[in-house]
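These notes concern the structure reproduced below.
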Amino acid sequence: MAGNRLSGFELSPLQKRRIKNFTSNKRAYVSLFAFITLFTLSLFAEFIANDKPILISHKGKIYFPILKEYPETAFGGEFEIEADYHDQYVLDLIKADGWMLWPAIQYRHDTISYDLTVPAPAPPSWKHWLGTDDQGHDVFALIIYGFRISVIFGLILTCLSSVIGIIAGAVQGYFGGLVDLIFQRFIEMWASLPVLYLLIILTSIIEPSFGLLLLILLLFRWLSLVGVVRAEFLRARNLDFVRAARALGVRNAIIMFRHILPNAMVSTLTFLPFILNGSIVALTSLDFLGLGLPVGSPSLGRLLAQGKANLQAPWLGISAFFVLAVMLSLLIFIGEGVRDAFDPRRNLT
């Protein structure tokens, strides 16, 4: 019996069949595992790629520079400013009376390498596994931090837009009539607004930021699910169980979100990986055009733009293209697996 429970709730036969359908799709199952693994690793980017050691032992004391700033004087230096752990003088001070544990990549996304033997962008080497960009930043570190911010941005945008889209579609489809007609005309006008032009105007007035981009894209991204949810509510609003609930005096909100919405969520869930995919592509495209995150932010789109501007450095464009292709392909495969899992015509024997 314990094997048929998940987080304290017993799975229904329908849920078991959907899980079995998804896990039987090896491509989708492996893609989900790979995507979760990559995203989890990116959440600990500071411990994988950083210009500060993870741990320092000096004169019997333990320091964690990755979590706290320490002045140079803490290691016997002369200045009260934060220690530069790439400075040979500071390295010699620490190594004389202790040791350091470095991350796998000794650079952050914004660390400038001043010891390059060739002009930036530098080709791949044992110090910079994927080379550097035209400003001397390590490409591997840029990819790790850029992957994290892209997925986080996409997840937040997908969740917020899905909530708004589901509510809007539910109201539209449940009440129908004049409410549906007015809402449809509003959606048609709203969807016709030129998003790119609005972004160009706003970014010329206000410096773009993570929150501002999220807000602007949210104003239009919520339209993705309205049509699907509206169609499900239009279909279910006249079913017997809904009419019976109305006759019993059940409130409209309870009927909508407790009785009809679970049926509409089947089609809605199948769209979520594709909406996440589109959200990541939107951020990458804006960064590529120079309308995205502030200058200095880790960005896969900006790395693509550098690859376009530096054709003599093919590792820039190839690295960014490969990461985006793998990330978006994994999301597509996951979306296909979810779609097949919720398909009522698909039964496993």
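- Open room surrounds CZ on Phe44; 12 or fewer heavy atoms of other groups in view lie less than 6.0 Å from it.
- Checked against side-chain hydrogen bond (donor to acceptor under 3.5 Å, both in side chains), Asp110 has the following partners two or more places apart in sequence or in another chain: Arg108.
- Residues Ile56 and Phe75 have side chains in contact (heavy-atom distance under 4.5 Å, counting atoms from C-beta outward).
- Annotation: ring pair (Phe, Tyr, Trp, His ring centres under 6.0 Å) contacts involving residues 271-324, sequence neighbours excluded, are absent.
- Residues passing the ring pair (Phe, Tyr, Trp, His ring centres under 6.0 Å) test with Phe147, sequence neighbours excluded: none.
- Under a hydrophobic clustering in which Ile, Leu, Val, Met, Phe, Trp and Tyr are joined whenever their side-chain heavy atoms come within less than 4.5 Å, directly or via other members, Ile81 and Tyr89 fall into different clusters.
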Name the atoms and distances for all side-chain donor-acceptor pairs under 3.5 Å in residues 214-226, with sequence neighbours left out.
unit_1, atom_1, unit_2, atom_2, d
Trp222, NE1, Leu219, O, 2.7
Ser224, OG, Arg221, O, 2.9

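- Atom CZ of Phe79 is surrounded by 12 or fewer heavy atoms from other residues, nucleotides or ligands within 6.0 Å.
- Two residues are said to be in side-chain contact when any heavy atoms from C-beta on lie closer than 4.5 Å; Asp115 and Ser113 meet this criterion.
- Within the 4.5 Å cutoff, side-chain heavy atoms of Ile143 are placed close to those of Ser319.
- At most 12 non-hydrogen atoms from other residues, nucleotides or ligands lie less than 6.0 angstrom from CZ of Arg251.
- When only modelled atom types and interatomic distance are considered, Gln184 and Asp180 share no side-chain donor-acceptor pair under 3.5 Å.
- Taking the side-chain hydrogen bond (donor to acceptor under 3.5 Å, both in side chains) definition, one finds that Asn238 meets it with nothing, sequence neighbours left out.
- Looking at Leu234 and Arg237, their side chains come closer than 4.5 Å, going by heavy atoms from C-beta outward.
- Pairs of residues two or more places apart, or lying in two chains, that qualify as ring pair (Phe, Tyr, Trp, His ring centres under 6.0 Å) and include a residue from residues 91-118 are His86-Trp102, His86-Tyr107, Tyr107-His128, His109-Tyr145.
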Derivation of the side chain to side chain contact (heavy atoms under 4.5 Å, CB included) call for Tyr85 and Asp51 = CA-CA 7 Å; Tyr85 300 99; Asp51 55 3; over 6 Å; no

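- The closest side-chain heavy-atom distance from Ile254 to His259 is below 4.5 Å.
- Among all heavy-atom pairs drawn from Leu93 and His58, the shortest one is O-NE2, 3.5 Å.
- Taking a 6.0 Å sphere around CZ of Arg243, one finds it holds 12 or fewer heavy atoms contributed by other residues, nucleotides or ligands.
- Residues passing the side-chain hydrogen bond (donor to acceptor under 3.5 Å, both in side chains) test with Thr284, sequence neighbours excluded: none.
- For Lys61, there are no side-chain hydrogen bond (donor to acceptor under 3.5 Å, both in side chains) partners at least two apart in sequence or on another chain.
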Review item, side-chain donor-acceptor pairs of residues 36-43, under 3.5 Å, at least two apart:
unit_1, atom_1, unit_2, atom_2, d
Thr37, OG1, Phe33, O, 2.7
Thr40, OG1, Ile36, O, 2.7
Ser42, OG, Phe39, O, 2.6

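- Proximity of Leu300 to Asp287: side-chain heavy atoms (C-beta onward) are nowhere separated by under 4.5 Å.
- Screening residues 152-189 for ring pair (Phe, Tyr, Trp, His ring centres under 6.0 Å) gives Phe153-Phe210, Phe186-Trp190 as the qualifying pairs, with residues at least two apart or on separate chains.
- For the side-chain hydrogen bond (donor to acceptor under 3.5 Å, both in side chains) condition, the pairs that include at least one residue of residues 62-83, sequence neighbours left out, are Lys52-Glu82.
- The hydrophobic cluster around Leu116 extends to none of the other residues, as no ILVMFWY side-chain heavy atom falls under 4.5 Å of it.
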Margin query: Checking Asp138 against Thr111 for the side chain to side chain contact (heavy atoms under 4.5 Å, CB included) test, could you report, in this order, the C-alpha distance in whole Å, the side-chain angles of both residues, the deciding distance, and whether it holds?
Written below: CA-CA 7 Å; Asp138 186 81; Thr111 304; over 6 Å; no

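- Side-chain contact between Ile187 and Gln172: present, with at least one pair of heavy atoms (C-beta onward) separated by less than 4.5 Å.
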Given Ser299 and Leu303, is the side chain to side chain contact (heavy atoms under 4.5 Å, CB included) satisfied, shown in steps?
CA-CA 6 Å; Ser299 167; Leu303 187 59; over 6 Å; no

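- Annotation for Gln106 and Pro103: closest pair CG-O, 4.0 Å, computed over non-hydrogen atoms.
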